[in-house]
Novice: 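Structure provided below as structure tokens; questions to follow.
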Amino acid sequence: MHTTEKMFCYRKLKVFMLCYLGIIMAPVHAVVHHKFEVRRTSHTRLCTTKSMLTVNGQFPGPTIYARRGELVVVDVINRADANITIHWHGVKMPRYPWTDGADAVTQCPITPGKSFRQRVLLSDEEGTLFWHAHIDWARATVYGAIVILPPKTHTYPFPKPHAEFPILLGEWWNDDVQQVYEDFMASGAAPQLSDAFLVNGQPGDLYPCSKQDTLKLSVEPGKTYLIRMVNAMMNFITFFKIKDHNVTVVGMDGAYTKPLNTDHIAIIPGQTIDFLLEANQPPSRYYMAARVYAGAPLGRTYLPTTVIVEYVGNYTRPSSLLLPSFPEFDDFREASPPISATGSEALPTTTTPSKLLGSMNNVTMLLPKTQNILEAYYKGIRGVFTPDFPAMTPIIYNFTQGYKPENLAPAHFGTAVYMLDYNSEVEMVLQGTDYGYGDGIDHPMHLHGHSFYVVGTGYGNFDPNTDPPNFNLIDPPLGNMVAVPRNGWSAIRFKANNPGVWFMHCHFERHHSWGMMMAFIVKDGEAPNEKMLPPPPDMPRCEAPPAASTI
């Protein structure tokens, strides 16, 4: 296990020539209702049965289907013995951060026995997104897909597929996940690694006690299928490939993309990718497989998780299946969208000699315990956060040299936010650093409430003089996730036209837990339709936590 993971975040506001899509305040055409009952249910994987948090007893949870611009109303009822929040990952929630679902940022948790009606406001999103718990490590088992179809008068920007399949990548621990979380937070060390990777909740036939439950996709020769893939993994970037088949990527993070034909996909935690699979090979059975993109992550080798693509028709079934050949570790550089990086470093504490912590611009974020940032901002409650998140890291140096300068003070704890005026045009450069890794580490960064353009990415140290002239301002990819490469940087741009409090954090769950996060507050504009909407009447009440923080 590497001992340090570190990043800094460089940002500046400026005017630039780029057309923003903005938030479409489309009228609500219909209302879709769901009821999510969070409770503990028993599930068996890898010969192990355990009780775990689920929604409606399903693992993964139910898929939400809606059309662009519709309103989804979800009644979340907590019948479990733990607090819960639900986040609608990639849904911008225009002017309505109240049901974004980020614990301690936009709401206090739904406590056992309580409920919360969450209004999920769809705007310009179309394609695949997902929902997941956003408290502690509950999202390991509490997650599901969101499928946003075109309006009834529209169609896909590609030929209508014969059928659609959701593919959700996940992880499985034989132990209780909440206990895994509490143990690693208390120890200050890295968390216990998961025992298996999953596709739609199943490990695949290479894992023990799993062959009979391996997912099978039935396809007809000559037909084309739309695969909606979600990476709900907690801590791993993943390669995905289908033996002897190419695919065509057509969407990412709830937006369509220019078609890209490829033989494999690299997908970061929190990302969604839509792609077309044409059943154009000789009728047979083929492995569809996902494998962590590092061959031996954190000192461990994982088996791929598998799905069987099964052609319809009469043919002799092969006695065994061959796995697809996966790319090498370094091929991730060419295979994925860019990622942002934050950092972890060993800091002295009062409870342990040192512990791994994350930071952005030298701030390790502490989430408030008895209030949330959004309500404190809305109600003018003092002492919950400070509006002074630094726009720059304190010292510019060689961030990839493997150690930090002696004159750089240790990261400090804080609940700081960065204030943005309404309609500000924001450029954010996320620089990966290397404090003892030798070759650094990637970071999948997620911004709530906005989509952004990834205008540049590179390796080494970002150069504000030579790198911006090479930015892609013609057709940059649009998303809510960005991958900051190992020892590299990514530059994103977005327009702050969504008033409210919006979280930004690493989607490696261990990094998020270590404090690799920050928040923006986008102020109200002048016009009535530029102001944050009022809170719902049933906002969960903020209650004192049962125990002190372990960070």
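Bear in mind the structure is a predicted one, so any value in this text is a computation, not a measurement. Position 1 is the first residue of the sequence, and the numbers go up from there.
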Novice: Look at atom NZ of Lys216 and say whether more than 12 heavy atoms of other residues, nucleotides or ligands are closer to it than 6.0 Å.
Specialist: yes
Novice: Give a yes/no verdict on a cation-pi contact between Arg510 and Phe508, requiring under 6.0 Å between NZ or CZ and the six-membered ring centre and an angle within 45° of the axis.
Specialist: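 Yes, a cation-pi geometry.
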Novice: Step by step, work out the side-chain hydrogen bond (donor to acceptor under 3.5 Å, both in side chains) result for Asn480 and His446.
Specialist: CA-CA 6 Å; Asn480 59 70; His446 171 49; 3.3 Å; yes
Novice: Between Tyr156 and Pro150, is there a side-chain heavy-atom distance shorter than 4.5 Å?
Specialist: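 Pro150 vs Tyr156: side chains touch.
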Novice: To the closest 0.5 Å, what do you measure between NE2 (His512) and CE (Met234)?
Specialist: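 Output value for this atom pair is 10.0 Å.
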Novice: Locate the shortest heavy-atom distance separating Thr257 from Val249; write the atom from each residue and the value.
Specialist: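 Heavy atoms only, the tightest pair is OG1-O, 3.8 Å.
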Novice: Restricting to non-hydrogen atoms, name the atom on Ala290 and the atom on Thr238 that form the minimum distance, rounded to 0.1 Å.
Specialist: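 Smallest interatomic distance, heavy atoms only, reads CB-CG2, 3.7 Å.
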Novice: Decide yes or no on side chain to side chain contact (heavy atoms under 4.5 Å, CB included) for Tyr207 and Leu303, but give the supporting numbers first.
Specialist: CA-CA 8 Å; Tyr207 285 89; Leu303 292 171; 3.7 Å; yes
Novice: Compute the ring centroids of His134 and His505, then answer whether they are less than 6.0 Å apart.
Specialist: yes
Novice: Verify ring pair (Phe, Tyr, Trp, His ring centres under 6.0 Å) between Phe184 and Trp137, making sure each step is shown before the conclusion.
Specialist: CA-CA 11 Å; Phe184 109 87; Trp137 274 31; 5.2 Å; yes
Novice: Please collect all disulfide (SG to SG under 2.5 Å) contacts where either partner lies in residues 222-272, sequence neighbours excluded, each pair once.
Specialist: none
Novice: Mind checking the OG1-CZ spacing from Thr54 to Arg39? Nearest 0.5 Å is all I need.
Specialist: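 Nearest 0.5 Å value for the OG1-CZ distance: 8.0 Å.
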Novice: Just one of Thr214, Thr305, Thr306 clears the side-chain hydrogen bond (donor to acceptor under 3.5 Å, both in side chains) bar with Asp205, so which one?
Specialist: Thr306
Novice: Side chains of Leu206 and Pro304: closer than 4.5 Å at any heavy-atom pair?
Specialist: yes
Novice: Taking atom types as modelled and ignoring hydrogens, do the side chains of His87 and Thr85 form a donor-acceptor contact shorter than 3.5 angstrom?
Specialist: no
Novice: Donor-acceptor pair, Arg228 side chain versus Gly127 backbone, under 3.5 Å?
Specialist: yes
Novice: Between CG of Asn174 and SG of Cys47, what distance do you get to the nearest 0.5 Å?
Specialist: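 It comes to 8.5 Å.
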Novice: As a test of understanding, state which of Asp100, Leu122, Val72, Val74 forms a side-chain contact (heavy atoms from CB on, under 4.5 Å) with Trp88.
Specialist: Val74
Novice: Given Glu164 and Tyr225, is the side-chain hydrogen bond (donor to acceptor under 3.5 Å, both in side chains) satisfied, shown in steps?
Specialist: CA-CA 6 Å; Glu164 302 182 8; Tyr225 299 85; over 6 Å; no
Novice: Taking the ring centre of each residue, are Trp502 and Phe494 less than 6.0 Å apart?
Specialist: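 Between Trp502 and Phe494, the centre distance exceeds or equals 6.0 Å.
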Novice: Angle class for the Phe462/Trp489 ring planes (parallel below 30°, perpendicular above 60°, tilted otherwise)?
Specialist: perpendicular
Novice: Looking at every non-hydrogen atom in both residues, tell me the closest pair between Gly144 and Phe130 and how far apart they are.
Specialist: O-CB, 3.1 Å
Novice: Please check: side-chain N/O of Ser210 versus main-chain N/O of Pro208, any donor-acceptor pairing under 3.5 Å?
Specialist: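 Judged by distance alone, yes, a pair lies under 3.5 Å.
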Novice: For a 4.5 angstrom cut-off between non-hydrogen side-chain atoms, does Pro269 reach Ile237?
Specialist: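 Side-chain contact under 4.5 Å: yes.
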Novice: Keeping His89 on the side-chain end and Gly270 on the backbone end, is there a donor-acceptor pair under 3.5 Å?
Specialist: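 Confirmed, His89 side chain pairs with Gly270 backbone.
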Novice: Using side-chain heavy atoms (C-beta onward) and a distance below 4.5 Å, is Ser490 in contact with Met428?
Specialist: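 No; the side chains remain at least 4.5 Å from each other.
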Novice: Is the backbone of Trp173 close enough, under 3.5 Å, to the side chain of Ser194 for a donor and an acceptor to pair up by distance?
Specialist: no
Novice: Would Ile268 and Met481 satisfy side chain to side chain contact (heavy atoms under 4.5 Å, CB included), going step by step from the backbone distance to the final call?
Specialist: CA-CA 8 Å; Ile268 62 178; Met481 296 290 310; 3.9 Å; yes
Novice: Measuring centre to centre across the rings, with the benzene-like ring taken for any Trp, is Phe471 within less than 6.0 Å of Tyr453?
Specialist: no
Novice: Is Lys50 positioned over the aromatic face of Trp172, cation under 6.0 angstrom from the ring centre and no more than 45 degrees off axis?
Specialist: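 Yes; both conditions hold, so Lys50 lies above the ring face of Trp172.
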Novice: Counting N and O atoms only, with roles assigned by atom type, does the side chain of Thr272 sit under 3.5 Å from a partner on the main chain of Thr128, one being a donor and the other an acceptor?
Specialist: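 Judged by distance alone, yes, a pair lies under 3.5 Å.
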Novice: Given 3.5 Å as the limit, does a donor-acceptor pair link the side chain of Gln431 with the main chain of Gly460, or not?
Specialist: yes
Novice: So Val482 and Phe452, side chain to side chain contact (heavy atoms under 4.5 Å, CB included) or not? Walk me through it.
Specialist: CA-CA 9 Å; Val482 60; Phe452 49 73; 3.7 Å; yes
Novice: Given Asp475 and Asn472, is the side-chain hydrogen bond (donor to acceptor under 3.5 Å, both in side chains) satisfied, shown in steps?
Specialist: CA-CA 7 Å; Asp475 57 354; Asn472 175 10; 3.1 Å; yes
Novice: Any sub-3.5 Å donor-acceptor pair from Gln118's side-chain atoms to Ile86's backbone N or O?
Specialist: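 Flag set: sc Gln118 to bb Ile86 pair under 3.5 Å.
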Novice: Using the salt bridge (Lys or Arg N to Asp or Glu O under 4.0 Å) rule, take Arg68 and Glu125 through it: C-alpha gap first, then chi angles, then the decisive distance, then the call.
Specialist: CA-CA 6 Å; Arg68 190 180 76 203; Glu125 305 90 355; over 6 Å; no
Novice: Does the ring centre of Phe326 sit less than 6.0 Å away from the ring centre of His264?
Specialist: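 No, ring centres 6.0 Å or more apart.
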Novice: Charged N to carboxylate O below 4.0 Å: is that the case for Arg317 and Glu310?
Specialist: yes
Novice: I need the Leu260 CG to Ile265 CD1 distance, nearest 0.5 Å.
Specialist: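 Atom-to-atom, Leu260:CG and Ile265:CD1 are 8.5 Å apart.
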Novice: Checking Thr141 side chain against Leu53 main chain: does a donor-acceptor pair fall under 3.5 Å?
Specialist: yes
Novice: Backbone N or O of Ile308 within a donor-acceptor pair of the Tyr287 side chain at under 3.5 Å?
Specialist: no
Novice: So do Met229 and Ile267 actually touch side chain to side chain, heavy atoms under 4.5 Å?
Specialist: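 Yes - at least one pair of side-chain heavy atoms lies under 4.5 Å apart.
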Novice: Are His448 and His450 an aromatic pair by the rule of ring centers under 6.0 Å?
Specialist: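 No, the ring of His448 stays outside the 6.0 Å limit from the ring of His450, centre to centre.
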Novice: Grab the two heavy atoms, one from Arg45 and one from Pro203, that are nearest each other, plus how far apart they are.
Specialist: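 Scanning both residues, the minimum pair turns out to be CD-CD, 4.0 Å.
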Novice: Check for a donor-acceptor pair, side chain of Asn261 on one end and backbone N or O of Thr248 on the other, with a separation under 3.5 Å.
Specialist: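 Not at all, since once roles are kept as given, no pair shorter than 3.5 Å links the two residues.
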Novice: Identify the heavy atoms of Asp195 and Asp175 that sit nearest to each other, and give their distance.
Specialist: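 Minimum heavy-atom contact is OD2-N, 4.5 Å.
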Novice: Check for me whether the distance between the ring centres of Phe197 and Tyr302 falls short of 6.0 Å.
Specialist: yes
Novice: Rounded to the nearest 0.5 Å, what separation is found between the CD atom of Glu70 and the CG atom of Leu121?
Specialist: 12.5 Å
Novice: Can you confirm if the aromatic rings of Tyr286 and His245 lie within a centre distance of less than 6.0 Å?
Specialist: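 Centroid separation for His245 and Tyr286: below 6.0 Å.
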Novice: Quick one: pull up CG in Leu277 and CD1 in Ile242 and give me the separation to the nearest 0.5 Å.
Specialist: 4.5 Å
Novice: Closest approach of Leu129 and Val230, non-hydrogen atoms and distance?
Specialist: O-CG2, 4.1 Å
Novice: Would Gln178 and Asp136 satisfy side-chain hydrogen bond (donor to acceptor under 3.5 Å, both in side chains), going step by step from the backbone distance to the final call?
Specialist: CA-CA 7 Å; Gln178 181 64 19; Asp136 296 344; 3.3 Å; yes
